[in-house]
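Following: one structure in structure tokens, then a few remarks.
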There are 2 protein chains.
Amino acid sequence: MVQYKIRLDTTFAALADVTRRGVLEQLGGSDASITDLAQRFDMTLTGMKKHVSILEQAGLVTTEKVGRVRTCKLGLRRLEEEAAWIERHRELWSARFDALDEIVDHLKRKERADAHRKRR
Amino acid sequence: MVQYKIRLDTTFAALADVTRRGVLEQLGGSDASITDLAQRFDMTLTGMKKHVSILEQAGLVTTEKVGRVRTCKLGLRRLEEEAAWIERHRELWSARFDALDEIVDHLKRKERADAHRKRR
DNA sequence: CTTACAGTGAACCATATGGTTCAGTATAAA
DNA sequence: TTTATACTGAACCATATGGTTCACTGTAAG
């Protein structure tokens with residue numbers, strides 16, 4: 001209950017920063033070290049480390065250090081809770097879900113096409 | 001482009017606070033004055049005013065002052081952008097959309113049932 | 001062994017955030 | 001016309017945030 005609220009807090013806060021959303025985009029493409037990310041976002045190692053820690057705390061990213069390099073990947077959490085929260089409020093806002101339906105359908109079609117393409 | 005990023009920033013930031021999410025829930029039930037909200041959330045008028053302003057700036061709430069009382073209602077924005085962003089990242093995280101599909105279907109069924117009930 | 005590299009932690013800094021109090025202004029009620 | 005209500009704005013406060021530098025540790029490479 002309380003945990004749930006805290007998690008929404010930390011997740012939404014984690015998402016409320018351009019750099020961190022950028023890092024998530026980046027990691028969606030491929031895993032990266034702190035150094036990689038720091039360079040890509042023109043920031044000190046220490047600064048990037050902080051962002052990664054915040055994302056990690058929100059469960060959006062996981063990291064593993066092997067040797068001297070820490071590799072960051074997207075976390076296992078898939079924003080179900082946050083999606084559900086937003087959905088619930090879309091319900092309050094509007095009596096219809098057509099817009100999201102379209103988004104989901106579109107992404108689903110796109111994703112299936114991609115998967116198909118990759119598989120061949 | 002830049003605007004888009006700023007909007008995600010402000011919206012996610014607006015949602016990253018328990019009180020503000022509470023206000024949204026509240027307004028989902030019925031419109032309310034600043035005084036109503038301040039009482040409900042045990043906070044000064046000034047404090048609540050700030051929260052409402054933040055929600056207003058994010059387009060999540062609209063207000064209208066008539067006489068000396070300002071009435072707050074849910075805004076017209078329906079979090080399409082934010083839902084889309086989260087969806088896009090769910091795509092990165094997972095190859096399947098079943099979970100959200102279920103959520104949407106469930107809410108849609110529930111909403112349709114409600115609408116049906118109200119209409120009769 | 002020495003040197004370079006990747007990350008980490010502490011300290012610091014400017015600004016933002018979430019809240020307050022206090023002193024107004026405008027409107028409604030008596 | 002007085003008084004109470006509803007809000008507003010400025011000022012203030014403590015803490016959080018997003019970033020830096022600097023000193024350090026551990027690991028890899030020469």
Side-chain angles (χ1 to χ4, degrees), chain A residues 2 5-27 30-75, chain B residues 2-3 5-27 30-73 75:
Chain A
V2 175
K5 282 179 183 176
I6 285 170
R7 193 180 236 180
L8 281 181
D9 271 19
T10 56
T11 307
F12 281 133
L15 295 178
D17 181 277
V18 204
T19 305
R20 286 193 293 262
R21 289 197 304 275
V23 167
L24 292 178
E25 305 254 6
Q26 189 64 27
L27 295 181
S30 61
D31 298 352
S33 68
I34 306 278
T35 300
D36 294 340
L37 295 171
Q39 276 169 355
R40 164 90 47 172
F41 293 90
D42 191 31
M43 184 176 297
T44 59
L45 276 180
T46 313
M48 182 49 72
K49 176 71 188 335
K50 282 193 182 180
H51 280 307
V52 168
S53 297
I54 289 169
L55 289 168
E56 210 175 353
Q57 186 132 16
L60 300 172
V61 158
T62 59
T63 72
E64 194 195 4
K65 192 167 183 179
V66 76
R68 49 183 180 177
V69 36
R70 177 175 298 278
T71 301
C72 312
K73 341 175 179 279
L74 288 182
Chain B
V2 174
Q3 278 303 99
K5 282 178 182 176
I6 286 171
R7 194 181 237 179
L8 281 181
D9 271 19
T10 56
T11 308
F12 280 132
L15 295 178
D17 181 278
V18 205
T19 304
R20 285 192 295 262
R21 289 197 305 275
V23 168
L24 292 178
E25 306 254 5
Q26 188 65 27
L27 295 181
S30 61
D31 299 351
S33 68
I34 306 277
T35 300
D36 294 340
L37 295 171
Q39 275 169 356
R40 163 92 46 173
F41 293 92
D42 192 32
M43 184 175 298
T44 59
L45 276 180
T46 312
M48 181 49 71
K49 175 72 186 339
K50 281 194 182 181
H51 281 306
V52 168
S53 298
I54 289 168
L55 289 168
E56 211 175 352
Q57 186 132 17
L60 299 172
V61 158
T62 60
T63 72
E64 194 195 2
K65 191 166 183 179
V66 74
R68 48 183 181 176
V69 37
R70 177 176 298 280
T71 302
C72 312
K73 340 175 179 279

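A, B, ... follow the sequence lines: proteins, then strands. Residue 1 opens every chain. In what follows, every heavy atom counts, from backbone to side chain, and hydrogens, waters and symmetry copies are set aside.
At least one side-chain nitrogen or oxygen of B:R20 sits closer than 4.0 Å to the OP1 or OP2 atom of C:dG18.
At whole-Å resolution of the value, CD1 in A:I34 and P in C:dC5 are 18 Å apart. Atom CG of A:D36 and atom C1' of C:dA6 are 11 Å apart (whole Å). One can place CZ of B:R70 at 18 Å from P of C:dT25, the figure rounded to the nearest angstrom. Computed from coordinates, the A:L37 CG to C:dA6 C1' distance equals 13 Å when rounded to whole Å. Note: CG (B:D9) to C1' (D:dT17) measures 13 Å, nearest angstrom. Atom-to-atom, NE2 of B:H51 to C1' of D:dT8 comes out at 16 Å; the value is rounded to the nearest Å. When the C1' atom of D:dG18 is taken as reference, atom CZ of A:F41 falls 15 Å away, rounded to whole Å. The CD atom of A:Q39 sits 8 Å away from the P atom of C:dA6 (whole-angstrom rounding).
For the atom pair B:I34 CD1 and B:T71 OG1, the distance stands at 9.0 Å (nearest 0.5 Å). Interatomic distance, CG of B:L37 versus CE of B:M48, reported as 5.0 Å (0.5 Å rounding). To the nearest 0.5 Å, atoms CG (A:L55) and CG (A:L74) are separated by 9.5 Å. To the nearest 0.5 Å, atom OG1 of residue B:T46 and atom NE2 of residue B:H51 are 11.5 Å apart.
Considering only side-chain atoms of B:R68, the nucleotide from D:dT5, D:dG19, D:dG18 that sits closest is D:dT5. In this structure, the nucleotide among D:dG18, D:dT8, C:dT8 sitting nearest to the side chain of B:K65 is D:dT8.
Although no hydrogens or angles enter the test, the distance criterion places a donor-acceptor pair under 3.5 Å between the side chain of B:R20 and the main chain of B:A13.
A donor-acceptor contact under 3.5 angstrom links the side chains of A:T63 and A:E56, judged on distance only.
The salt bridge (charged side-chain N to carboxylate O under 4.0 Å, His left out) check on B:K65 picks up nothing, with sequence neighbours excluded.
The stretch residues 42-50 of chain B touches DNA chain C through B:M43, B:T44, B:T46, B:G47, B:K50, each having a heavy atom within less than 4.0 Å of the strand.
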